[in-house]
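See below for the structure under consideration.
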Amino acid sequence: MTFFVITLIKAALWAAAILLSLLYLQWIERKVIAHVQLRLGPSRVGPHGLLQPLADVMKLLLKEDLTPAGAHKFLYLLAPFLAVSLALVPVVVLPFGPEVEVFGVRTALHLADLNIGVLFLLAVTSLGVYGTALAGWASNSKYALLGALRSSAQMISYELPMAIAVVAPLLLANTLSLQGLAEAQGGYYGGWIPRWNVFQLPAPQIFGCVIFLISGFAETNRVPFDLPEAENELVAGFHTEYSSLKFASFFMAEYANMITSCAFATVLFFGAWQPLWPEAKGSGYFPTLLFGLAGLVALYHGLHPARPKDRITLPVVALAFFGLAAVFLIPVVRPVLLPVFWFVLKAGSLLFTFMWVRATLPRFRYDQLMAFTWKFLFPVAMVNLLATGLLVAVYGK
Amino acid sequence: MGPHQTTRTVLNMGPQHPSTHGVLRLLLELDGEIIVKAEPDIGYLHTGIEKQCEDKTYQQVVPLTDRVDYLANLSNNLCYCLAVERLLGLEIPPMAQWMRVMLTELTRISSHLVWLGTHAMDTGAMSVFLYCFREREDLLRIFEMFSGQRMMTSYFRVGGLALEPPRGWDQPIRAFLDAFPEHLEQYEGLLTANPIWLLRTKGVGVVPAGELVNLGVTGPMLRAAGLAWDIRKAEPYSAYDRFEFEVPTRTEGDVYARYQVRVDEMRQSARIARQALDGMPSGPWAADAPKVVLPDREKMKTQMEALIHHFKIIYEGFKVPEGEVYQAIESPRGELGYYVVSDGSAKPYRVHIHGPSYGNLQSTARMIQGRMIADVIASLGSMDFVLGDVDR
């Protein structure tokens with residue numbers, strides 16, 4: 001009984017968290033890119049445009065839901081449904097933290113610890129291509145079809161180097177469970193350097209990590225691999241004909257895939273929830289320090305306001321930061337919040353990289369993209385895997 | 001259909017499409033992603049400007065020329081004014097000439113900035129676009145300071161300039177020219193050595209120089225293929241022979257070469273503008289031709305003769321001796337020509353515009369046949385056409 005209650009609570013919590021972060025990820029991306037491009041980004045709806053996601057959802061809800069003439073009605077409906085649901089499923093297996101004890105109840109932070117978690121994740125994410133392919137095919141539009149063709153080819157091709165890059169850390173950890181992977185990366189070399197898979201002896205996975213991230217960009221259709229929806233070539237690619245909430249579903253799916261990609265990379269290569277330096281050396285106070293500092297900066301700017309309204313808004317922001325800093329000092333919630341903090345920090349940094357790259361790079365051409373994966377990425381991933389296998393076999397774990 | 005047959009798709013790209021730069025329609029016959037046949041279809045932005053010119057007095061035509069190539073309006077103003085001035089046999093004072101040179105070179109920079117931004121955005125590099133527009137904003141402010149208008153300036157008139165340059169006009173230009181080279185380096189830093197950019201532009205859209213000439217292509221596209229043809233050097237107009245500058249050329253004739261040529265041209269334009277700024281002669285800003293140039297306000301209120309001239313110019317326009325003239329200048333896009341025929345009345349009998357974009361667009365099919373859709377976008381971007389200039 002308790003198991004069901006706890007699982008329900010956890011499921012509700014993670015669902016709320018993931019949906020909220022989906023909404024706000026888009027806001028953050030718009031802000032990040034705007035600042036790279038010397039703009040302000042969303043700033044009208046709510047303070048600093050914080051209610052913009054809400055406004056966007058409202059707008060999309062109220063838009064007319066069109067089905068183009070000649071579209072395959074069933075598949076046309078199924079595609080966005082598939083895309084978004086398959087994009088949201090992987091969150092089930094992501095390990096946000098170790099087993100903890102909250103209010104006398106011992107429980108794991110993640111929803112399910114499958115003993116084949118890695119395979120499950122790979123399987124579910126690669127099913128996502130069905131949403132894209134079906135959308136393009138069912139829309140009865142040439143642009144959508146071309147987009148879907150590009151997308152299917154690209155996603156299937158990049159799956160290979162990605163899967164091979166994933167295998168190498170599995171050799172190091174000797175498990176297929178994501179939880180096991182995370183736990184295998186605990187500990188520190190010389191008391192300071194974390195034993196994450198990027199640094200893990202005998203075979204540091206630096207190349208593997210880079211290959212995984214590049215494939216991740218391609219899997220999620222992001223710049224410089226955003227050919228399936230290259231707006232300057234194919235208008236909007238596979239979702240050209242979609243409007244209203246169906247369009248929103250594809251949009252959500254893209255962001256959910258981004259989160260999954262980054263979270264997966266965090267688990268595979270960056271030690272999941274393991275802190276950057278040992279807890280014994282004070283890493284547990286890092287969040288408090290970080291939020292405290294952010295609060296101080298906000299307070300300083302509130303006292304030296306650039307605009308009249310900053311005099312009120314910035315101290316409020318500062319208070320919120322101080323509150324967060326204080327929450328991380330409460331002994332009861334610390335064991336839950338600390339791992340989640342480290343996990344979110346690492347995945348968030350990777351997400352920021354995704355946005356940064358999007359603001360900077362041009363995109364590949366279709367054939368160059370294929371040549372890049374088959375002639376470069378795939379062989380490098382193979383070599384990396386063989387080298388890792390050899391090193392593990394010779395030096396052992 | 002047998003199992004080994006393939007079907008070709010006909011893709012209608014435009015007139016509503018994010019990167020046809022206005023309203024160009026391309027009919028693409030595709031085999032997968034390869035273009036088998038390409039056919040550009042123009043005429044969606046036909047403004048009838050040439051015909052409208054016939055019903056305006058000579059001075060009234062100037063604002064229409066702004067709207068032909070709306071990214072290089074001052075070049076169009078200049079070309080038209082030079083043509084009419086040649087018919088009239090007017091001598092333009094040096095100050096006005098140097099001012100014209102300086103402002104048309106700034107126009108070239110602003111036009112190239114729009115090109116660079118949109119071209120980069122077409123290939124996916126979003127930020128360059130906004131950086132370029134920040135730079136262009138400074139230029140538009142400068143144009144506004146001179147003429148009161150940001151884009152449709154109509155600042156050059158038959159006989160000289162439209163208005164006396166405002167007090168302290170040199171300050172913002174100097175500030176811009178000081179900051180510009182460094183900013184240009186930054187934009188280049190994002191693209192010039194970027195491997196993806198090189199992959200997308202090198203060897204794409206190559207057409208040999210000979211064919212380009214036959215197709216009527218001019219300007220940076222021709223220079224990127226190795227022909228150093230620049231009207232500013234070949235047939236200097238408006239005091240260009242007194243400025244020092246180079247004509248940048250490349251020999252590859254691909255999209256990347258066009259990019260390099262245009263970026264170098266921006267540097268040369270800044271160099272010319274700097275020379276004009278430093279050596280700006282003093283003196284009147286319009287020709288001493290009371291029957292053509294409006295008298296200044298003071299004279300009009302105090303002198304009978306000036307009042308009569310003002311009235312006549314406003315109500316009747318000025319008469320231009322019978323004859324015809326073709327005046328060509330180097331616009332940011334290539335050879336811009338105005339062919340003006342006068343029947344001796346106050347309105348032109350015929351104004352024909354040789355828009356460089358029209359000639360440049362002719363190379364489309366040659367450039368993209370047998371290549372991929374992504375190359376269409378890169379090639380179209382490298383042509384730098386303005387549809388208003390094509391359709392007129």
Side-chain angles (χ1 to χ4, degrees), chain A residues 29-30 32-41 136-137 140-154 214 217-218 221-237 240 355-372 375-376, chain B residues 8-14 16-21 26 28-30 32-35 117-135 137 183 186 189-191 194-204 255 259 371-381:
Chain A
E29 168 154 47
R30 283 173 70 176
V32 167
I33 291 184
H35 285 281
V36 170
Q37 296 171 342
L38 315 162
R39 298 183 285 124
L40 286 176
W137 187 81
N140 189 30
S141 154
K142 287 167 188 167
Y143 285 115
L145 185 65
L146 279 167
L149 282 176
R150 283 181 174 192
S151 182
S152 319
Q154 170 182 331
I214 291 176
F217 278 106
N221 295 335
R222 300 277 302 181
V223 171
F225 308 105
D226 63 334
L227 301 162
E229 43 200 288
E231 61 161 9
N232 300 304
E233 294 160 23
L234 299 180
V235 192
T240 304
M355 294 166 189
W356 187 10
V357 166
R358 172 165 171 210
T360 315
L361 287 183
R363 72 171 70 86
F364 281 101
R365 200 171 66 200
Y366 178 63
D367 55 328
Q368 293 163 350
L369 177 101
M370 288 314 217
F372 181 68
K375 294 185 186 160
F376 177 73
Chain B
R8 287 178 180 170
T9 326
V10 177
L11 186 68
N12 187 16
M13 208 181 229
Q16 279 88 35
H17 185 275
S19 38
T20 49
H21 293 266
L26 275 177
L28 303 176
E29 215 177 295
L30 298 176
E33 279 227 17
I34 310 282
I35 287 131
T118 50
H119 186 33
M121 189 160 77
D122 283 351
T123 50
M126 259 201 302
S127 298
V128 181
F129 176 75
L130 285 133
Y131 298 151
C132 286
F133 266 60
R134 163 187 67 177
E135 216 69 24
E137 187 61 30
H183 286 172
Q186 289 172 7
L190 278 168
L191 296 174
N194 184 328
I196 305 180
W197 177 257
L198 291 175
L199 272 175
R200 285 299 302 278
T201 54
K202 277 217 158 176
V204 174
V255 174
Y259 159 77
R371 303 200 65 99
M372 308 192 78
I373 296 183
D375 290 336
V376 176
I377 306 305
S379 303
L380 283 186

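We name chains A, B, ... by the order of the sequence lines, and we start the count at 1 in each one. Hydrogens, waters and symmetry mates are skipped; everything else that's a heavy atom, side chains included, is used.
- Side-chain contact check for B:Leu30 versus A:Lys142: every heavy-atom pair is 4.5 Å or farther apart.
- The shortest distance between side-chain heavy atoms of B:Asp375 and B:Met372 falls below 4.5 Å.
- Both the backbone and the side chain of A:Arg358 come within less than 4.5 Å of a heavy atom of chain B.
- A:Tyr143 is not listed as a side-chain neighbour of B:Asn12, based on a closest heavy-atom distance of 4.5 Å or more.
- Under the ring-ring contact (aromatic ring centres under 6.0 Å, His included) criterion, A:Phe217 pairs with A:Phe354, sequence neighbours left out.
- Between chain A and the residues B:Leu190, B:Asn194, B:Leu191, the most heavy-atom pairs under 4.5 angstrom are made by B:Asn194.
- Only the side chain of B:Thr9 comes within contact range of chain A, with heavy atoms under 4.5 Å apart.
- The contact between B:Leu199 and chain A is made by backbone and side chain atoms together, counting heavy-atom distances below 4.5 Å.
- Shown here are the side-chain hydrogen bond (donor to acceptor under 3.5 Å, both in side chains) partners of A:Ser152, two or more places apart in sequence or in another chain: there are none.
- Only the side chain of A:Ile33 comes within less than 4.5 Å of a heavy atom in chain B; its backbone stays farther off.
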